[in-house]
Protein chains: 2
Amino acid sequence: MPQNRRPVPKEQKRKELLAAAAELFVVEGYDAASVSRIARAAGVTTNTLYWYFRDKDELLVAAAEVFLRALLTEHATKADEPLAEQLAWLVEQLRPIRHLVVTVHARIALSTAIAEWHSGFHETVEELFERQLPGEIPASARAQEAAAATFALEGAVIHDLDPTTTRQLCRSVAERLQQATQVAGRSVSD
Amino acid sequence: MPQNRRPVPKEQKRKELLAAAAELFVVEGYDAASVSRIARAAGVTTNTLYWYFRDKDELLVAAAEVFLRALLTEHATKADEPLAEQLAWLVEQLRPIRHLVVTVHARIALSTAIAEWHSGFHETVEELFERQLPGEIPASARAQEAAAATFALEGAVIHDLDPTTTRQLCRSVAERLQQATQVAGRSVSD
DNA sequence: ACCTGAACACCGTTCAAGT
DNA sequence: ACCTGAACACCGTTCAAGT
């Protein structure tokens with residue numbers, strides 16, 4: 001129905017299309033949410049989407065970015081809670097979009113846009129974890145500790161672990177991050 | 001060229017088709033390896049594949065199973081090496097088929113065959129890890145330790161971590177598994 | 001600048017027909 | 001029992017044409 005005269009400014013319309021895509025990506029998954037379905041949900045023709053987005057992967061990147069920004073913003077308000085609680089909260093937030101998490105990994109090889117966003121994502125998250133580490137740890141061990149924590153959480157999200165095991169996992173990841181000094185030192189020196 | 005008379009017994013032909021599929025899955029990835037390409041590579045028509053396999057996902061499951069069996073068999077010969085070495089070896093073996101690992105996760109929601117194989121896979125792997133744990137650990141903590149180890153390795157495979165970080169990660173996972181008693185006890189009791 | 005209808009080359013899967 | 005040619009309903013993407 002929205003003819004040509006663009007009753008709506010460009011950026012806002014882009015956001016509307018993106019919202020429709022994000023919604024469908026989450027509830028149906030990337031593959032099932034075809035471009036034509038997304039377009040229909042947004043009230044436009046299929047190829048209109050290609051005016052606002054280069055391809056379907058750019059739509060996925062944009063959706064992932066929106067979720068990530070929202071997550072980080074809300075997480076900032078919880079910075080003074082115990083680390084284990086923060087982690088459990090993160091897992092809980094990511095669980096409903098595990099479809100997206102897993103699809104991003106699957107498409108790294110197929111789309112450079114996805115690949116780039118994904119490495120940016122890991123930089124962000126690991127930096128966040130490294131901030132929790134005590135100061136005097138060698139750089140390589142820091143990277144390993146942050147990676148291990150990230151993988152543990154990603155695993156908990158992807159495999160949807162039951163709640164009690166998730167809590168235990170988060171507690172032990174948190175403990176590990178905050179006490180990494182001795183263990184890391186031991187691992188490196190022997 | 002292989003007409004009708006079936007010069008080849010059923011099970012063997014199935015294996016040949018599977019081999020062609022597995023090869024293409026690994027080198028091109030699941031999506032890029034279309035059913036028609038697989039068929040051509042195996043020297044048959046597209047729909048012949050559907051005589052031997054229910055659908056493309058069953059092909060993926062069969063390929064994954066072949067890789068897993070081979071991996072476990074070869075791993076059995078390394079049972080007396082240090083655990084950290086075993087883990088690093090596992091990661092190294094899985095790295096070339098990370099495409100498959102990630103695709104299996106992505107397709108859990110789309111195929112019950114994949115979903116079932118995947119949970120069997122985790123049972124196998126986690127059982128393998130639980131055997132490394134000292135005896136007197138509560139069941140729930142055992143599950144969490146095994147899951148954490150699995151996720152760490154899966155993460156290392158999927159994100160292809162650089163070799164030195166991988167080694168460090170494997171060492172600390174191994175250490176963690178073998179010393180889990182105190183930590184698990186502490187995590188549970190506080 | 002924005003949007004469309006129609007087409008393109010593919011995809012996984014099925015079916016009726018052959019031997 | 002095994003295999004095929006031809007079709008089906010889709011897919012993501014593009015393009016010439018409209019305003």
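Excluded from the calculations below are hydrogen atoms, water molecules and symmetry mates; all remaining heavy atoms, backbone and side chain alike, are included. Here is how names work: the chains are called A, B, and so on, in the same order as the sequence lines, proteins then strands, and each is numbered from 1.
For the pair A:Lys13 and A:Tyr52, the cation does not sit on the ring face, since its NZ or CZ is not both under 6.0 Å from the ring centre and inside 45° of the axis.
Looking at heavy-atom distances under 4.0 Å, B:Thr46 makes contact with a base.
Applying the 4.0 Å criterion to OP1 and OP2 of C:dT4, one finds that A:Thr45 has a side-chain N or O inside that range. At C:dC11, one or more side-chain N or O atoms of B:Ser36 fall inside 4.0 Å of OP1 or OP2 (strictly under the cut-off). The shortest distance between the side-chain N/O atoms of A:Lys13 and the OP1/OP2 oxygens of C:dC3 is below 4.0 Å.
Separating the CG atom of A:Leu60 from the P atom of D:dG12 is a distance of 12 Å, rounded to the nearest angstrom. Atom CZ in B:Arg37 sits about 14 Å away from atom C1' in C:dA9, given to the nearest Å. Rounded to a whole Å, the CD atom of A:Glu28 is 14 Å from the P atom of D:dC10. Atom-to-atom, CG of A:Asp55 to P of D:dG12 comes out at 11 Å; the value is rounded to the nearest Å. Between A:Arg14 atom CZ and C:dA1 atom P there is a gap of 17 Å when expressed in whole angstrom units. Straight-line distance from the CZ atom of B:Arg40 to the P atom of C:dC10: 10 Å, rounded to whole Å. The CZ atom of B:Arg107 sits 10 Å away from the C1' atom of C:dG12 (whole-angstrom rounding). Rounded to a whole Å, the NZ atom of A:Lys10 is 8 Å from the C1' atom of C:dA1.
Rounding to the nearest 0.5 Å gives a distance of 10.0 Å between CD of B:Glu58 and CD1 of B:Ile114.
Here C:dT4 is the nucleotide among C:dT13, C:dT4, D:dT13 with the atom lying nearest to any side-chain atom of A:Thr48. Side-chain atoms of A:Trp51 lie closest to C:dA1 of the nucleotides D:dC11, D:dC3, C:dA1. When distances are taken from the side chain of A:Lys56 to each of D:dC11, C:dT13, D:dG12, the shortest belongs to D:dG12. Among the nucleotides D:dT13, C:dT14, D:dT4, the one closest to any side-chain atom of B:Tyr50 is C:dT14.
As the counterpart of D:dG12, C:dC8 is assigned, both hydrogen-bonding distances of the Watson-Crick or G-U wobble pattern falling under 3.5 Å. Using Watson-Crick or G-U wobble geometry with both donor-acceptor distances under 3.5 Å, C:dT19 finds its partner in D:dA1.
Using a 30° and 60° split on the angle between ring planes, A:His118 and A:His122 fall in the perpendicular class, above 60°.
Between the side chains of B:His105 and A:His105, not a single donor N or O lies within less than 3.5 Å of an accepting N or O. B:Gln93 and B:His75 share no side-chain donor-acceptor pair at under 3.5 Å.
In terms of position on DNA chain D, the residue among B:Tyr52 and A:Arg54 whose nearest nucleotide sits closer to the 5' end is B:Tyr52.
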